[in-house]
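The block underneath contains the structure these notes are about, expressed in structure tokens.
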Amino acid sequence: MVLRLHNTLTRDKVDFAPLDPKNVRMYVCGPTVYDYAHIGNARPAIVFDVLFRLLRHSYGDAHVTFVRNITDVDDKINARAAEEKISIADLTTRTAAQYQADVQALGCLPPTHEPRATHYIGQMIAMVERLVASGHAYAAQGHVLFDVESKSDYGKLSRRSINEMLAGARVEVAPYKKNTMDFVLWKPSDADIPGWESPWGRGRPGWHLECSAMSESLLGETFDIHGGGIDLQFPHHENEIAQSECAHGGHPFAKVWMHNGFLQVEGEKMSKSLGNFFTIRELLDDWPGEVLRLNMLRTHYRQPIDWTAHSLKESWKILERWYDDAGAMASPRLGEKFLAALADDLNTPQALAELHQETPEAVAGGLSLLGFSVMSESIAAKPELDATSINHAIAARTAARAAKDFKESDRIRDELLAKGIVLKDGAGGTTWEVKR
RNA sequence: GGCCACGUGGCGGAGUGGUGACGCAACGGUCUGCAAAACCGUGAACCCCGGUUCAAUUCCGGGCGUGGCCUCCA
């Protein structure tokens with residue numbers, strides 16, 4: 001099976017050939033931990049978890065290194081901690097733990113490494129020093145700025161020239177910048193916000209720098225795949241490339257760049273003012289995690305997705321049926337067409353369509369590879385009633401039906417329905433599921 | 001204003017230069033005390049206008065619409 005991936009850098013689909021098949025390396029931008037993660041944040045987590053699983057399947061679990069960082073130093077964090085009158089450490093620790101619990105509930109494996117930015121300050125300072133020494137960065141008024149003019153191919157990922165950017169620029173015009181597009185590598189900190197001693201005084205890193213330093217430490221100068229949301233393409237990823245390549249003597253950074261599409265909710269941009277802003281946690285109150293996961297995978301990762309309650313209901317129904325078919329299978333296997341669809345740039349909608357045509361064994365195998373490993377129990381575990389009392393009621397109803405007391409049997413059925421339990425009379429007896 | 005995506009049946013959503021993916025819903029049937037479920041079956045689409053071509057939903061140009069980035073929002 002040849003894995004093909006769409007590379008944003010070249011805008012085409014290429015055969016994936018790892019630099020080292022014994023250690024396939026992937027980096028994905030993780031959350032800035034100042035608030036609950038929202039459903040848009042869940043998309044890259046799920047998409048690249050599927051890729052992680054596929055790579056592990058292809059190269060072996062021990063031969064894939066996946067890094068997803070946690071940004072725990074940021075001005076939004078500082079502002080939020082001040083608002084809530086709690087310490088920055090408390091805020092970031094709490095929020096990071098919530099994020100990890102949320103994505104786990106969505107069926108995501110823990111990454112190989114989940115580095116925190118604050119643990120890599122030394123590496124960041126060292127990288128800035130190299131950039132200054134090689135003429136790609138300059139210090140000015142306590143800041144250190146990257147000189148975009150010093151890199152001839154700056155803009156290659158987002159495909160825009162410095163002049164084009166300037167034409168539409170609304171960036172802060174700071175008098176100490178040589179070029180308006182120059183971005184901050186290091187900035188000074190007042191006494192009341194986090195800061196570290198550096199050759200340029202007490203300060204903190206610029207956002208883009210963090211990912212460059214952490215990927216360098218954990219994956220090396222050049223690695224295979226870098227992922228993230230399409231909105232990060234510029235400026236974040238563009239600047240990561242600039243910093244890393246210049247700090248590494250021009251050696252290439254990530255070979256393949258992958259970007260997931262944006263998410264809308266009920267046809268509109270998700271925003272707090274529109275009232276359609278959903279955190280992962282809120283959705284988990286109403287929907288099983290694997291339903292959210294399936295709903296995400298029913299659209300190709302590069303396409304925009306419209307997140308709707310209607311679609312979630314459909315996902316629930318599909319998943320429940322698959323669990324009925326495959327839940328008890330002891331010998332899962334993988335269908336060839338299913339695998340081929342996944343290998344074709346992670347075409348999960350196609351892969352799911354193939355699953356609809358598959359045997360129960362292949363459904364079980366396919367679901368498992370996609371991260372739906374908690375078969376059947378998880379959805380059934382949702383109702384307030386316990387299984388024992390439901391089964392008790394079913395037995396009473398079966399007895400009433402045998403006695404042709406349909407008034408009583410219908411009463412029991414309606415009573416369960418009112419509690420959200422739907423009965424299904426099949427050839428092998430009566431089963432139940434949670435009403436959607 | 002600049003750059004860039006996307007627009008497929010009632011809905012979701014793949015894909016393709018020529019035989020109407022797939023799922024949900026709907027409709028018909030089987031089954032059932034009834035209903036649901038399950039199973040079998042049916043109909044239904046490629047934003048608009050040009051161009052290229054024997055042939056375009058698929059390629060090219062324009063238009064319209066939606067969205068993203070250019071403001072450290074995935």
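Here is the naming used below: chain letters follow the sequence lines, and residue numbers restart at 1 for every chain.
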Heavy atoms under 4.0 Å, any strand shown: does [X] hit a base, just sugar-phosphate, or nothing?
{"X": "A:S409", "answer": "base"}
{"X": "A:D74", "answer": "nothing"}
{"X": "A:Q264", "answer": "sugar-phosphate"}
{"X": "A:L355", "answer": "nothing"}
{"X": "A:Q233", "answer": "nothing"}
{"X": "A:R160", "answer": "base"}
{"X": "A:R68", "answer": "nothing"}
{"X": "A:N239", "answer": "nothing"}
{"X": "A:H356", "answer": "sugar-phosphate"}

Next item on the list: Report the base-pairing partner of B:rG67 (Watson-Crick or G-U wobble, both distances below 3.5 angstrom), or none.
Entry: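 In the structure as shown, B:rG67 has B:rC4 as its Watson-Crick or wobble partner.
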Check: Is B:rU42 paired to anything, Watson-Crick or G-U wobble with both distances less than 3.5 Å, and if yes, which nucleotide?
Finding: B:rA26
Notebook entry, point to check: Going by an N to O cut-off under 4.0 Å, is there a salt bridge joining A:E149 and A:K178?
Noted result: no
Item checked: Pairing of A:K156 and A:E238 as salt bridge, 4.0 angstrom limit ->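 No, no charged N to carboxylate O under 4.0 Å.
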Check: When rounded to the nearest Å, what value does the distance between P atoms of B:rU58 and B:rG9 take?
Finding: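 Between the two P atoms, the distance is 15 Å.
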Check: How far does the C1' atom of B:rC11 sit from the matching atom of B:rG43, given to the nearest Å?
Finding: 16 Å
Check: By centroid distance (under 5.5 Å) and plane angle (under 30°), are A:F406 and B:rG33 in a stacked arrangement?
Finding: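 Yes; centroid distance and tilt both under limits.
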Notebook entry, point to check: How long is the span from the CD atom in A:Q350 to the CG atom in A:L352, to the nearest 0.5 Å?
Noted result: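 A:Q350 atom CD to A:L352 atom CG measures 9.5 Å (nearest 0.5 Å).
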Note to self: Using OP1 and OP2 only, check whether a side-chain N or O of A:K317 sits under 4.0 Å from B:rG23.
What the structure shows: no
Next item on the list: Take the protein atom CD of A:E354 and the nucleotide atom P of B:rC22, then report the distance between them rounded to whole Å.
Entry: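 After rounding, the gap between these two atoms is 10 Å.
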Notebook entry, point to check: Are A:W207 and A:H236 near enough that their ring centres are under 6.0 Å apart?
Noted result: yes
